[in-house]
2 protein chains.
Amino acid sequence: MKIDPDNPADLSAQIAAAIRDAIISGGLIVDERLPSEAELAEQFDVSRPTVREALKRLAAQSLIRTQRGATGGAFVNRLSFEAAQPQQITTSTLLLSMNAVSFETACEARYALERACAPLAATRRTPDHLATMRAEIHRQSQPGLTDEAFCASDVAFHRALVDGAGNPVLSYQLAGAVEAMQPLMNMITFTARDRARIIALHEGIADAIEAQDAAATASALTALEQETQTLAHSVFAARAARR
Amino acid sequence: MKIDPDNPADLSAQIAAAIRDAIISGGLIVDERLPSEAELAEQFDVSRPTVREALKRLAAQSLIRTQRGATGGAFVNRLSFEAAQPQQITTSTLLLSMNAVSFETACEARYALERACAPLAATRRTPDHLATMRAEIHRQSQPGLTDEAFCASDVAFHRALVDGAGNPVLSYQLAGAVEAMQPLMNMITFTARDRARIIALHEGIADAIEAQDAAATASALTALEQETQTLAHSVFAARAARR
DNA sequence: AAACATTAAATGTAAGACATATGAAAATCG
DNA sequence: CGATTTTCATATGTCTTACATTTAATGTTT
């Protein structure tokens, strides 16, 4: 871990990489305290600011946490799914917005992934998940709802579906795909009739999940994907024509 | 974006968050140059090292890149799928190793996600993808192969399958799930008979993809999942008994 | 013995300096 | 005049030193 070529560029990046590798390879255990900044500076033969820049890089990835005071220092973080999700969502969102990913492509990916959760969710969903889904459906049918709030509720509904699979790995991976769609969905204006159709499809999904019918859940999701795609298509076509 | 409460703690984190929000909200465009470190220090009323720590945090997330020299500075990065994948893989790997995720759970998630790609891959796969899959199968059947190389080839095979779906969003999301399994797979020793069974299943998958048969692809994947799970189960049971 | 003050160790921040890379302008030469 | 070289300004990369702040352990006093 003390490797550091005499290439005098990107020292902080090199140090960050060295520490990161040590964490990944198991050389540093969870909750283990790193040497103090001064000690690290001496070990790597650099100044303290350089060490600090390296540590901040690791902190940005939630690989370490720092604590001030007498017994303080930098500690290896237990990377939790909860902590990793916001970052995953941020990255996914930026990937979509910066790479001109079409609504169609993102939507296709999202529903393909959700269908992967369907059989598991149908088997394992708890009453809690069902209650969340029903509550979100109820919220979506309220009249005064803004388009943004409607989309947010849509996301919550789908996350409950995904969480119903009872697999944290799936929930983590899907969080990015589901949440990153929200900005794209927010570009759509939903008429009352649109909302009614979507809510009906949501009810179909909830019913299928409740009945623990995997096949019905999958086909209901496909129907919702179809509806979303055609809706988006018409909205974007109208917007393009208006120009 | 110049908001900064007089809370005198985590200044660099606050500054990083402010710039990050500006990027996400579109206040800073791709390839746009940020103010110089000295200017930022003045704007936020902090010292240059503090600004630098903030910038390093953003660089760790590939949100910005820096360039030295006269026309240098920090530029907003176009976050590409290629750049985001390694980070996604690192995070996924650490999540599995640090949270005592069972082989069963990770394997279930991986194959559920891969089955999501199956219909699309069966439809859209190019000869290139097929060739890669066949080549990896061939490699796996070579005699002198180490277990690690066998697992690496397995990952390459599955990534070709995922990429065959022709959806960059899917490829990105799946990369984490597929690659993160490798350390877990490396804990298994594959006998010659194990390998033969896996290779046969791989051939079944490749055949189904070549025939553009979505249903056959999905069921072949399910068979492979079964095989992997029972294999892992017996290996771990034997290891537990030996103690 | 309990409450309080002191101290030490660590991170957080600041300020100034120098090194280095790099593009552009200026000077020089053919 | 044009091409090449030199110079220079600007920005990041790094080092040094210093001080502020937080926090727990230690010591002291009542």
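Every chain is numbered from 1, with letters handed out A, B, ... down the list of sequences. Keep in mind that what you see is a predicted model, and the values were worked out from it rather than measured.
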If you assign B:E39 and A:T71 each to the DNA chain D nucleotide with the nearest heavy atom, which residue ends up on the more 5' nucleotide? B:E39
Determine whether a donor-acceptor pair (one donor, one acceptor, N or O, separation below 3.5 Å) exists between the side chain of B:R48 and the base of D:dG13. yes
Grab the CZ-C1' distance between A:R65 and C:dT11 for me, whole Å please. 15 Å
State plainly whether the residues B:K56 and B:E53 are in salt-bridge range, i.e. N to O under 4.0 Å. no
B:Q67 has a side chain; which of C:dG23, D:dT12, C:dT13 sits nearest to it? C:dG23
A:D163/A:R124 salt bridge by N-O under 4.0 Å criterion: no
Please state how far atom CD in A:E37 lies from atom C1' in D:dC15, giving the value in whole angstrom units. 15 Å
Rounded to whole Å, the CD1-C1' distance (A:I15 to D:dC15) equals 13 Å
Looking only at side-chain N and O atoms, does A:T50 come under 4.0 Å of OP1 or OP2 in D:dC15? yes
So does A:S12 get a side-chain nitrogen or oxygen closer than 4.0 Å to the phosphate oxygens (OP1/OP2) of D:dG13? no
Taking 4.0 Å as the cut-off, does a side-chain nitrogen or oxygen of B:S47 come that near to OP1 or OP2 on C:dA14? yes
Nearest-nucleotide comparison on DNA chain C, the residue closer to the 5′ end among A:A70 and A:T66: A:A70
Round to a whole Å and report the spacing from CD of A:E53 to C1' of D:dT16. 15 Å
Rounded to whole Å, please give me the gap between CG in B:L11 and C1' in D:dT21. 12 Å
Expressed as a whole number of angstroms, how long is the span from B:D10:CG to D:dT21:P? 15 Å
Between the side chains of B:H129 and B:T132, does any donor sit under 3.5 Å from an acceptor? no
For atom CZ of A:F75 and atom P of D:dT23, their distance in whole Å: 13 Å
Kindly assign one of parallel, tilted or perpendicular to the pair B:F190 and B:F150, based on the angle between their ring planes and the thresholds 30° and 60°. tilted
Kindly indicate whether the side chain of B:R68 and the base of C:dT22 share any N or O donor-acceptor pair separated by less than 3.5 Å? no
Would you mind classifying the nucleic acid contact of B:R33 as base, sugar-phosphate or nothing, using non-hydrogen atoms under 4.0 angstrom? sugar-phosphate
Does D:dG13 have its OP1 or OP2 closer than 4.0 Å to a side-chain nitrogen or oxygen of B:R52? yes
Is any side-chain heavy atom of B:I29 less than 4.5 Å from a side-chain heavy atom of B:V76? no
Mind calculating the distance between CD (B:E42) and P (C:dG16) to the nearest angstrom? 13 Å
